[in-house]
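Each residue takes its place number in the sequence, starting with 1.
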Amino acid sequence: MATDPVSKLQLVCRHIRSFQDFPKKGILFRDICPLLKDPAALTAATDLFEDHVRANHPDVDLIVGLDARGFLFGPLLAQRLGIGFVLVRKKGKLPGRTVSVAYDLEYGKAEAEMQEDAVTAGQKVLLIDDLLATGGTLFAACELMKKQQAEVLGCMVVIELKELNGAEKLKSQVFSLVQY
């Protein structure tokens, strides 16, 4: 079992695999399924996120996870921190009154939404997802938080694809475990 941050990060990296030409030709897909399958690797990733939050954001109120892989890491982290977890989903997936924002995709538009009462004005939130590529989805989620007058402390991801410059699109701090 990895105990120090460097060993934990190495364990996480060993459990990310690549698939050439998925989902289409020219894309190198970074797969976190092996990380999720291995309890020690998943624990290491969660530990690293927890260490970052405790050191840099001790005043966070909520972890906000993005549909769908942010749902895998977010609740684990929130539980460890003793705080709540909030879902940001694709449009039409949540019951009750919702608030949404539209955003651009590579080939079209999409909407992200959350339940209207999920976040209240003034709450300090951290967003989490598995991957930061162009930044569109995380940017939309940040805008959604701002629409509800929450304070976005930062964004956290397992993998950041640096060459796509997604962090530049976000107006908040980005913490990534692994960069390609």
Quiz item: Once you round to the nearest 0.5 Å, how far does CG of Leu66 lie from OG1 of Thr137?
Solution: 6.5 Å

Quiz item: Do Leu144 and Val86 belong to the same hydrophobic cluster, where Ile, Leu, Val, Met, Phe, Trp and Tyr are linked whenever their side-chain heavy atoms lie under 4.5 Å apart, directly or via other members?
Solution: yes

Practice problem: Calculate, to the nearest 0.5 Å, the distance between atoms NZ and OG belonging to Lys146 and Ser172 respectively. | Solution: 6.5 Å

Quiz prompt | Least distance between heavy atoms, Ala45 atom then Val12 atom | solution = N-CG2, 3.7 Å

Practice problem: Give me the one residue out of Arg89, Lys93, Lys91 that meets side-chain hydrogen bond (donor to acceptor under 3.5 Å, both in side chains) with Asp67. | Solution: Arg89

Self-check item: hydrophobic_cluster_shared for Val174 and Ile159, side chain cutoff 4.5 Å
Solution: no

Exercise. Kindly work out whether a path of hydrophobic side-chain contacts (I/L/V/M/F/W/Y, heavy atoms less than 4.5 Å apart) joins Met145 to Phe71.
Key: no

Quiz item: Would you say the side chain of Leu76 lies within less than 4.5 Å of the side chain of Glu50, judging by non-hydrogen atoms?
Solution: no

Quiz item: Yes or no on side chain to side chain contact (heavy atoms under 4.5 Å, CB included) for Leu127 and Val152, after CA distance, side-chain angles and deciding distance?
Solution: CA-CA 8 Å; Leu127 285 76; Val152 176; 3.8 Å; yes

Quiz item: Any chance CD of Gln149 has more than 12 other-residue heavy atoms, nucleotides or ligands included, within less than 6.0 Å?
Solution: no

Self-check item: Spacing of Leu177 atom CG and Leu48 atom CG [to the nearest 0.5 Å]
Solution: 5.5 Å

Quiz item: Just wondering, do Phe19 and Ile27 contact through their side chains at under 4.5 Å, heavy atoms?
Solution: no

Exercise. For a side-chain hydrogen bond (donor to acceptor under 3.5 Å, both in side chains) with Ser100, tell me which candidate from Lys147, Lys90, Glu111 qualifies.
Key: Glu111

Quiz item: Do the side chain of Asn56 and the main chain of His52 share a donor and acceptor less than 3.5 angstrom apart?
Solution: yes

Self-check item: Same apolar cluster: Phe175 and Val178, side chain cutoff 4.5 Å
Solution: yes

Exercise. Decide yes or no on side chain to side chain contact (heavy atoms under 4.5 Å, CB included) for Asp129 and Phe73, but give the supporting numbers first.
Key: CA-CA 7 Å; Asp129 204 1; Phe73 298 97; over 6 Å; no

Quiz item: Looking only at heavy atoms, what is the nearest atom pair of Gly74 and Ile128, with distance?
Solution: CA-CG2, 3.7 Å

Self-check item: Non-hydrogen side-chain atoms of Ile83 and Leu62 separated by less than 4.5 Å
Solution: no

Quiz item: Minimum heavy-atom separation for Val119 to Ala150, with atom names?
Solution: CG1-CB, 3.3 Å

Quiz item: Is the side chain of Asn165 donor-acceptor paired with the backbone N or O of Glu168 at a distance under 3.5 Å, no angle test?
Solution: no

Self-check item: Contact check, side chains of Phe85 and Leu77, non-hydrogen atoms, under 4.5 Å
Solution: no

Quiz prompt | Main-chain N/O of Val125 paired with Asp61 side-chain donor or acceptor, under 3.5 Å | solution = no

Quiz item: Looking at side-chain heavy atoms only, is the closest gap between Met114 and Leu87 below 4.5 Å?
Solution: no

Quiz item: Distance-only, no hydrogens or angles: does the Thr43 side chain make a donor-acceptor pair with backbone N or O of Pro39 under 3.5 Å?
Solution: yes

Quiz item: Any side-chain heavy-atom pair from Ile63 and Phe49 closer than 4.5 angstrom?
Solution: no

Self-check item: Donor-acceptor contact below 3.5 Å, side chain Gln179 vs main chain Ser176
Solution: yes

Quiz prompt | Salt-bridge contact Asp117-Arg97 (side-chain N to carboxylate O under 4.0 Å) | solution = no

Quiz item: If every non-hydrogen atom of Cys33 is compared with every non-hydrogen atom of Arg17, which pair is closest and at what distance?
Solution: CB-NH2, 4.4 Å

Quiz item: Are Leu28 and Tyr180 close enough that some pair of their side-chain heavy atoms sits under 4.5 Å apart?
Solution: no

Quiz item: Can you hop from Leu153 to Val157 via hydrophobic side chains spaced under 4.5 Å?
Solution: no

Exercise. Report the distance from atom CG of Leu131 to atom CG of Leu161, rounding to the nearest 0.5 Å.
Key: 4.5 Å

Quiz item: Do side-chain atoms of Asp31 reach the backbone of Ser18 as a donor and acceptor pair under 3.5 angstrom?
Solution: no

Quiz item: With a 4.5 Å heavy-atom cut-off, do Glu116 and Thr98 have their side chains touching?
Solution: no

Quiz prompt | Taking every non-hydrogen atom, the tightest pair across Cys142 and Cys155 | solution = SG-SG, 3.7 Å

Practice problem: Would you sort out whether Arg69 and Leu36 count as a side chain to side chain contact (heavy atoms under 4.5 Å, CB included), showing the intermediate values? | Solution: CA-CA 10 Å; Arg69 293 190 177 130; Leu36 297 169; 5.8 Å; no

Quiz item: In Å and rounded to the nearest 0.5 Å, what is the CG to CZ distance from Asp21 to Phe29?
Solution: 13.0 Å

Quiz item: So, for Tyr103 and Ala112, which heavy atoms are closest and what is the spacing to 0.1 Å?
Solution: CE2-N, 3.7 Å

Self-check item: Separation between CE of Met156 and CG of Leu132, rounded to the nearest 0.5 Å
Solution: 13.0 Å

